[in-house]
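Below is one structure; the comments refer to it alone.
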Amino acid sequence: QVRLVEAGGGLVQAGGSLRLSCVASGLSFSFYNMGWFRQAPGKEREFLATIEWSGSTNYTGSVKGRFTISKDNAKNTVYLQMNSLKPEDTAVYYCTATQQWAATRASDYDYWGQGTQVTVSS
């Protein structure tokens, strides 16, 4: 059974930083492409970043330069370092996994975590 468990969300002031983590189990982590999405109330789930099994990364424009995705294969963990946070970054953040390449749509991903809330106050 595949499980993705996120942690690290919370309340932070604008301009602050948070690091999200996601521990994966039940899959061959080294051979999966991992992604982060977020969903704000009343909005669609939004792609943020992906890191492929090779280590190649891709970001959506709104977070490029502020967010960094990374992974530790030995710990089956993917991270999302978020800097210079803005109130509009407030959302539930989801970790996800796929074996598809260049995956930026929610429908491209097979497995999802339960999400972790990030709230950025102004």
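Nothing fancy with the numbering, it's 1 onward along the sequence.
- Contact annotation: the side chain of Thr60 never approaches that of Phe67 to less than 4.5 Å [non-hydrogen atoms, C-beta and beyond].
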Show me, pair by pair, the donor-acceptor contacts under 3.5 angstrom made by side chains of residues 10-21, not counting sequence neighbours?
from, atom 1, to, atom 2, distance (Å)
Ser17, OG, Asn83, OD1, 2.9

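- A distance of 5.5 Å separates CD of Glu52 from OG of Ser54, quoted to the nearest 0.5 Å.
- Linking Ile, Leu, Val, Met, Phe, Trp and Tyr whenever their side-chain heavy atoms come within less than 4.5 Å leaves Val92 and Leu48 in two separate clusters.
- No more than 12 heavy atoms of other residues, nucleotides or ligands lie within 6.0 Å of CH2 in Trp53, so this atom counts as exposed by the packing criterion.
- Side-chain contact between Arg45 and Tyr109 is absent, with no heavy-atom pair separated by less than 4.5 Å.
- Note that the CD1 atom of Ile51 and the CG atom of Asn33 stand 9.5 Å from one another [nearest 0.5 Å].
- Here the straight-line distance linking atom CD of Glu88 with atom NZ of Lys43 works out to 8.5 Å at 0.5 Å rounding.
- Cluster note: Tyr79 groups with no other residue, as no ILVMFWY side-chain heavy atom lies under 4.5 Å from it.
- Side-chain atoms of Gln117 never come within 3.5 Å of backbone atoms of Gly9 as a donor-acceptor pair (strictly under, hydrogens ignored).
- How far CZ of Arg3 is from CG of Asn76: 13.0 Å, rounded to the nearest 0.5 Å.
- Put simply, OG on Ser28 and CD on Gln99 are 8.0 Å apart, with the number rounded to the nearest 0.5 Å.
- The shortest side-chain heavy-atom distance between Val78 and Ile69 falls under the 4.5 Å cut-off.
- Counting heavy atoms from C-beta on, the side chains of Val118 and Met82 come closer than 4.5 Å.
- Taking hydrophobic clusters as Ile, Leu, Val, Met, Phe, Trp and Tyr residues chained together by side-chain heavy-atom distances below 4.5 Å, Val2 shares a cluster with Met34.
- Linking Ile, Leu, Val, Met, Phe, Trp and Tyr residues whenever their side-chain heavy atoms come within less than 4.5 Å leaves Phe47 and Leu4 in two separate clusters.
- Not a single donor-acceptor pair under 3.5 Å links the side chain of Ser122 to the backbone N or O of Pro87.
- The side chain to side chain donor-acceptor pair (under 3.5 Å) check on Tyr93 picks up Arg38, with sequence neighbours excluded.
- Linking ILVMFWY side-chain heavy atoms closer than 4.5 Å, directly or via other members, places Trp112 and Leu27 in two distinct hydrophobic clusters.
- Using a distance-only test at 3.5 Å, with no hydrogens or angles considered, no donor-acceptor pair links the side chain of Asp72 to the main chain of Thr77.
- Residues Phe37 and Glu46 fail the side-chain proximity criterion, which asks for heavy atoms closer than 4.5 Å.
- In this view, Tyr94 satisfies the side chain to side chain donor-acceptor pair (under 3.5 Å) rule with no residue, not counting sequence neighbours.
- Counting only residues at least two apart or on different chains, no disulfide (SG to SG under 2.5 Å) pair has a member in residues 46-89.
- No side-chain donor-acceptor contact under 3.5 Å links Glu6 to the backbone of Thr116.
- Under the disulfide (SG to SG under 2.5 Å) criterion, the residue pairs touching residues 22-122 are Cys22-Cys95, with sequence neighbours excluded.
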